[in-house]
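Structure record follows, encoded as structure tokens.
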Amino acid sequence: MGVVGLVLLGAWALAGAMADALPGPGATLAELAAMAGDGRALSIGWRVAAFMGGCFAAAAAAGVALGLVLGAHPALDRGASPYLAALQAMPTSMWVPVAAIVLGTSPWSLAAVVSVGAMPAIMLATRTAVKNVPPLLLRAGRTFGARGWGLMRQVTLPAALPGIVTGLELGWSIAFRCLVAGEIFSGALSGTGIGDVIFRSRESGDLTEMMATILIVLAFTMTVDRLVFARAQHRLRSSRGLVDAGLPH
Amino acid sequence: MSASVVLEDVAQAFSGPGGGTRLALDGVSLEVAAGEFACVVGPSGCGKSTLLDLVAGHTRPLRGSVAVGGAPVAGPGADRVMVFQEPALFPWLSVADNVGFGLKQTGVSAGERAAAVSHWLARVGLAEAAALHPHQLSGGMRQRAALARAFAMRPQVLLMDEPFSALDAPARDRLHVDLQDLWAEAGTTVVFVTHNVREAVALGDRVVVLASGPGRVIGEVEVGLRRPRVVESTTVVGLAQEVRRLLDAADQLGIGTPRVGRDGHVVI
């Protein structure tokens with residue numbers, strides 16, 4: 001991870017030296033230090049975390065619940081899937097102007113777009129994961145007395161969990177795209193401060209603050225990936241015997 | 001802790017290719033006494049697994065009746081537990097949690113459950129493996145855990161669908177002996193389905209022979225041999241030949257006379 005990071009930093013330095021408008025790592029890191037010093041970096045990181053945490057929690061809860069319903073009811077799934085697939089393929093940022101006009105330019109309007117935008121991917125992944133649960137496990141669950149909600153909670157859900165986590169990862173990245181699209185559209189829609197930075201960079205033509213902000217967001221997404229998704233995937237895989245630990249002897 | 005199983009003139013059909021139906025079982029009548037160990041043997045595709053599904057309540061018969069303990073089967077119930085060809089353990093649960101799964105469903109308290117789990121794990125020789133996950137066990141150990149999970153339920157009827165056919169021979173031989181011990185202790189009724197004639201003779205009080213296309217009972221052989229029995233013993237092999245002759249008479253084997261383009265294969 002460290003070596004790849006250095007290579008990327010080198011590539012960035014090279015690109016910065018060749019393109020005048022692109023601030024190199026040195027200038028960006030200096031700006032980042034300044035932003036850290038006066039609290040702007042922490043403020044952006046904190047507000048992004050709060051906004052995304054709230055939106056993603058809502059999207060995940062609704063997406064997984066609706067996905068489980070779809071997975072359990074084939075007729076409903078046949079009816080709804082084409083529309084969900086279309087929604088998933090459509091860039092969700094297209095809703096941003098619609099929401100801005102219908103719901104007004106408030107953080108709530110962008111929050112609605114981000115949550116609803118991330119949902120179809122989570123729903124479809126959950127639905128597919130539920131349908132891919134081996135029938136033998138469901139039969140085993142039934143033969144040992146699990147029915148209805150108990151069967152869902154104790155057999156279907158854990159058996160589908162690896163697929164659901166993959167859907168959550170996908171939903172998370174879609175949500176982030178949607179957030180930034182909203183910020184580009186109308187300055188300070190989410191209240192995370194990214195929009196302000198974009199606005200200032202556009203006015204001044206100086207990208208240093210923009211690059212520093214990109215680094216903050218990058219650090220945030222990397223932290224979430226390492227601490228949440230990568231860990232969850234590893235735990236799921238190792239408890240199910242999907243990590244090859246080599247021969248036992 | 002056992003109940004009789006009675007099937008009367010049962011027929012069951014499946015939708016075949018092209019929209020038509022295919023009879024899996026036709027006119028099957030079978031009586032298994034409470035506490036009896038009955039083996040059902042026949043070629044693949046003779047409806048053995050369907051027969052177990054009917055008793056388990058996973059499907060309903062097209063015709064005829066299925067009764068357990070005198071009451072008609074209306075659906076799945078904790079009094080009838082199925083053991084599958086594959087162990088079908090839940091990969092996300094530890095071995096102990098797998099064994100306790102059924103007891104949890106029936107509302108047994110955590111304390112009683114822990115006691116039952118450790119008793120049955122010890123009975124199948126897996127006391128050390130309680131905290132492991134299924135993927136950390138060998139094939140034979142997994143099937144032992146599946147047996148412990150089934151016996152822990154103290155079912156009236158245990159339905160076994162070729163449970164040892166995917167195991168290596170030494171593991172299978174040991175499980176044959178262990179299963180007879182477990183059955184003697186639990187006193188439950190067992191309906192054990194297999195395509196292996198010697199296995200059927202080694203385990204059963206009685207061997208019911210099915211023929212395929214559609215599945216029907218073509219004979220029964222009482223096994224009066226002393227337990228525990230092993231598949232290699234000459235008395236078991238001798239009786240297995242008698243069962244084999246029944247299948248031969250119905251042209252269900254085709255080992256001596258290879259038949260091109262037809263199914264039906266029984267191991268002796």
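Letters A, B, ... mirror the listed sequences (proteins, then strands); counts begin at 1.
Residues R139(A) and D161(B) are not paired through a salt bridge, judged by the lack of any N-O separation under 4.0 Å between the basic side chain and the carboxylate.
Only the backbone of L89(B) comes within contact range of chain A, judged by heavy atoms closer than 4.5 Å. Interface residue D53(B): only side-chain heavy atoms are found under 4.5 Å from chain A.
Between P76(B) and R147(A) there is a side-chain heavy-atom pair separated by less than 4.5 Å. Using a 4.5 Å heavy-atom cutoff, the side chains of F101(B) and V155(A) are in contact. Proximity of M82(B) to R142(A): side-chain heavy atoms (C-beta onward) are nowhere separated by under 4.5 Å. Contact check for P91(B) versus L137(A): side-chain heavy atoms found under the 4.5 Å cut-off.
Counting non-hydrogen atoms of neighbouring residues, nucleotides and ligands closer than 6.0 angstrom, the CG atom of L242(A) exceeds 12 such neighbours. Within a 6.0 Å sphere centred on CE of M94(A), other residues, nucleotides and ligands contribute 12 heavy atoms or fewer. Other residues, nucleotides and ligands contribute more than 12 heavy atoms inside 6.0 Å of the NE2 atom of H119(B). By the neighbour-count criterion of 12 heavy atoms within 6.0 Å, atom CD of E128(B) is sparsely surrounded, having that number or fewer from other residues, nucleotides or ligands. Annotation for W183(B): atom CH2 counts as buried by contact number, over 12 foreign heavy atoms lying within 6.0 Å. For CD of Q136(B), the number of neighbouring non-hydrogen atoms (other residues, nucleotides, ligands) closer than 6.0 Å is greater than 12.
Proximity of a side-chain donor or acceptor of T143(A) to a complementary backbone N or O of V81(B) within less than 3.5 Å is not detected. Side-chain atoms of H133(B) do not come within 3.5 Å of backbone N or O of S238(A) as any donor-acceptor pair.
Put simply, CH2 on W92(B) and CZ on R235(A) are 15.5 Å apart, with the number rounded to the nearest 0.5 Å.
Here the shortest heavy-atom pairing between H135(B) and R240(A) reads CD2-C, 3.5 Å. Summarising the geometry of A140(A) relative to A88(B), their closest heavy-atom pair is CB-O, 3.8 Å, with the distance given to 0.1 Å.
Listed options R80(B), K104(B), R149(B) were ranked by heavy-atom pairs under 4.5 angstrom with chain A; first place goes to R149(B).
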